[in-house]
Amino acid sequence: MSRVSCFYGLAALVLVFLAADAWAMSAPSSCDTPQAHGPEVDASAVFSVELAPYGHVCFVARKVPVPVYAETDYLQFELLRGPNAPAVKLPWPERYLWNGACRIRAVSFPRLDKGPQRSILILGRCNTAGDELDQALIYRGSPQGFKLDTPLSVEATGFDTIAKAEAWARERIRQQRSGRAR
């Protein structure tokens, strides 16, 4: 095969991927529903994403009042699947406070484990006892849904970029699988 035909073959493949991405971005959005809007929704954290096993969903961060913590609201993370489908609510963290005073800095949907399932990584900046603290929440994906990995999230405290938190989590999970984790 000549270099010219190899180049044209590669160029055609790139065009197919670009066309597929453009089609996916123009697909009807699950964010075009009343559930994705309102005064309790953090407008900076509403966006559409493709996540197995749910398909095309809208990620939303919503402030929810919690009577026990009357001074602050709590951020509930949800995956909206459309106007007639119930929202998938991600579990709340248990071991540390992630409340309505936390600011979302970044959200990513990396493949932390081997396989097709994506995870959800949320990086926030939280005010805890007067100190600003970078806190990651790591939701591990599985065919059954998403589960908060509390120990991994606690260990990931302090990462100031989503890229650093992702790289660290990926390496930590690899170590756990190989039996080298502390």
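Everything numeric here is computed off the predicted structure, so don't read it as measured data. The analysis underlying the following values was restricted to heavy atoms, covering all of them including side chains, and did not include hydrogens, waters or symmetry mates.
Here the closest heavy-atom approach between residue Pro143 and residue Gln117 is recorded as N-OE1, 3.9 Å. Here the shortest heavy-atom pairing between Leu121 and Ala136 reads CD2-CB, 4.5 Å. Considering every non-hydrogen atom in both Pro53 and Ser142, the closest pair reads CD-O, 4.0 Å. The heavy-atom pair separating Arg103 from Glu132 by the smallest distance is NH2-OE1, 3.1 Å. Ala87 and Glu78 get closest at one heavy-atom pair: CB-OE1, 4.1 Å.
Among Arg174, Arg140, Lys147, the single residue meeting the salt bridge (charged side-chain N to carboxylate O under 4.0 Å, His left out) criterion with Asp113 is Arg140.
Side-chain contact check for Glu166 and Ser108: at least one donor-acceptor pair (N or O, by modelled atom type) lies under 3.5 Å.
Between the CD1 atom in Ile120 and the CD1 atom in Ile138 there is a gap of 12.0 Å [rounded to 0.5 Å].
In this structure, Phe77 and Phe59 have parallel ring planes: the angle between them is below the 30° cut-off, well short of the 60° mark.
Applying the salt bridge (charged side-chain N to carboxylate O under 4.0 Å, His left out) test to every pair with at least one member in residues 41-59, sequence neighbours left out, gives no pairs at all.
Between Pro86 and Arg81, some side-chain heavy-atom pair lies under the 4.5 Å cut-off.
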Self-check item: Pair Leu133-Arg125, side-chain contact (heavy atoms from CB on, under 4.5 Å): steps then yes or no
Solution: CA-CA 6 Å; Leu133 180 68; Arg125 184 96 173 149; over 6 Å; no

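Partners of Lys164 by side-chain hydrogen bond (donor to acceptor under 3.5 Å, both in side chains), not counting sequence neighbours, listed by chain and number: Asp160.
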